[in-house]
Amino acid sequence: APKGRRCPACGLAALAPTTHRDILVALAKQNILSKLRLQDRPNITQPMAKGTLLTALRRMRAQRPDATISSGMPHAGTIPPLHPGMGVQEYEMLSFAESGSSTSHSVRLHFRFTQELSGSTEILQATLYLFWADPGPGGHLVTIRLLQPDPMGLNMTVASETWLEVHRAGWTTLDVGHAVQSLFSQGSQRLTVELDVVEGWRSPLLAGHGDSHWPFVAVQARARTPHHVQRR
Amino acid sequence: SIDCRGDSRMCCRKEFFVDFKEIGWEDWIIQPEGYHMNYCTGLCPLHVAGIPGLAASFHTAVLNLIKANNADATMDSCCVPTQRRALSLLYYDRDNNIVKTDIPDMIVDACGCT
């Protein structure tokens, strides 16, 4: 502070307590929203069921050996921190499937990623989680296609195709890092997963195990930082 | 670092908690329940200037020399955060996805005079 002037923070002390509090709360709101790159608070129309959220968090944590999650909802201060290097902001995101068109042997799942993250973040890891119902004796072969909108945004193109043999009920994971990175670098937000299954077999969305087995994509990302040039 | 108490007017850390329920944000911020928006306040006479923890450092020696030789310094000292940590948030974004992030430097843990 220039000589004879008060430090910027000293001004707060002179305010009436209620005004003081209102200013601090407004500052806190503004600070959090700007750091999350949000212009306004999100309006939540369909909050996720607690069971679905907990299952997804547990599955995601199970992939990381250093992390744990409690049996109830995590309490304040118990969220394990991420591992930001050199002050870079990191994100973990869970995107739950929206069901699309389906037939007796095919189902489409749509995953929509947040606009604030696309384009300005680097994808470190992205994993698709699917829960399969019991396939019965012998197992079933499933074809999984990742579809992305073409550059014009009119048609869908196949980004990758893979086959999976399901022998028992449970969760399976699939690395979708390249597809999500490609999606983000195009500024696109929507990833479509097409599953071809044996006719009559219950697809992941129709598994009948309730919301806690809803398909999701877990993404780990970090904010892109501009390259620095140092002069000595 | 000193936490503010009673009638102390010297540089200290004031605790301030913003409860997300009170401001109507509990529907989109899943965890934590609030934000410890601590801040620094109080006076910093020139003789106490110097960041805590640098007592025997070269920097302190230089600062003391400047103070000794330049009583009419052109700058005053300010009470500022000297130690901060990240705020971990688990929240819903605009597309109903669930995001977890650590916002760096959001919580003031210690204050000191510049």
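Proteins get letters first, then strands, A, B, ... in listed order; numbering begins at 1 in each. Keep in mind that the numbers below use all heavy atoms, side chains included, and drop hydrogens, waters and symmetry copies.
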Side chain to side chain, B:Ile30 and A:Leu53, heavy atoms closer than 4.5 Å: yes

Side chains of B:Trp28 and A:Leu38, heavy atoms from C-beta outward: is any pair under 4.5 Å?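 Result yes, sub-4.5 Å side-chain heavy-atom pair found.
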
Nearest 0.5 angstrom please: [X] [atom1] to [Y] [atom2], how far?
| X | Y | atom1 | atom2 | answer |
| --- | --- | --- | --- | --- |
| B:Tyr91 | A:Leu36 | OH | CG | 4.5 Å |
| A:Leu94 | B:Tyr92 | CG | OH | 10.0 Å |
| B:Asp93 | A:Met93 | CG | CE | 7.0 Å |
| A:Glu98 | B:Asp95 | CD | CG | 8.5 Å |
| A:Phe113 | B:Asn97 | CZ | CG | 7.0 Å |

Check your understanding: For B:Asp27 and A:Arg41, what are the C-alpha separation, side-chain angles and deciding distance, and is it a side chain to side chain contact (heavy atoms under 4.5 Å, CB included)?
Key -> CA-CA 10 Å; B:Asp27 60 337; A:Arg41 52 148 293 164; 2.6 Å; yes

Over all heavy atoms of both residues, which pair between [X] and [Y] is shortest? Give the atoms and the distance, please.
| X | Y | value |
| --- | --- | --- |
| B:Ile98 | A:Phe96 | CD1-CE1, 3.8 Å |
| B:Trp25 | A:Leu33 | CH2-CG, 3.8 Å |
| B:Thr101 | A:Glu90 | OG1-O, 2.5 Å |

query: Based on non-hydrogen pairs under 4.5 Å, which of A:Ile44, A:Asn43, A:Asn31 is most in contact with chain B?
result: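 Counting heavy-atom pairs under 4.5 Å, the top option is A:Ile44.
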
Listed by chain and number, what are the side chain to side chain contact (heavy atoms under 4.5 Å, CB included) partners of A:Val25, not counting sequence neighbours?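 Only A:Arg21, A:Lys29, B:Phe16, B:Ile23 meet the side chain to side chain contact (heavy atoms under 4.5 Å, CB included) criterion with A:Val25.
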
Sorted by chain and number, sequence neighbours left out, side chain to side chain contact (heavy atoms under 4.5 Å, CB included) with B:Pro81 holds for B:Cys40, B:Arg84, B:Val108

More than 12 heavy atoms of other residues, nucleotides or ligands under 6.0 Å from NZ of B:Lys14: yes or no?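 No.
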
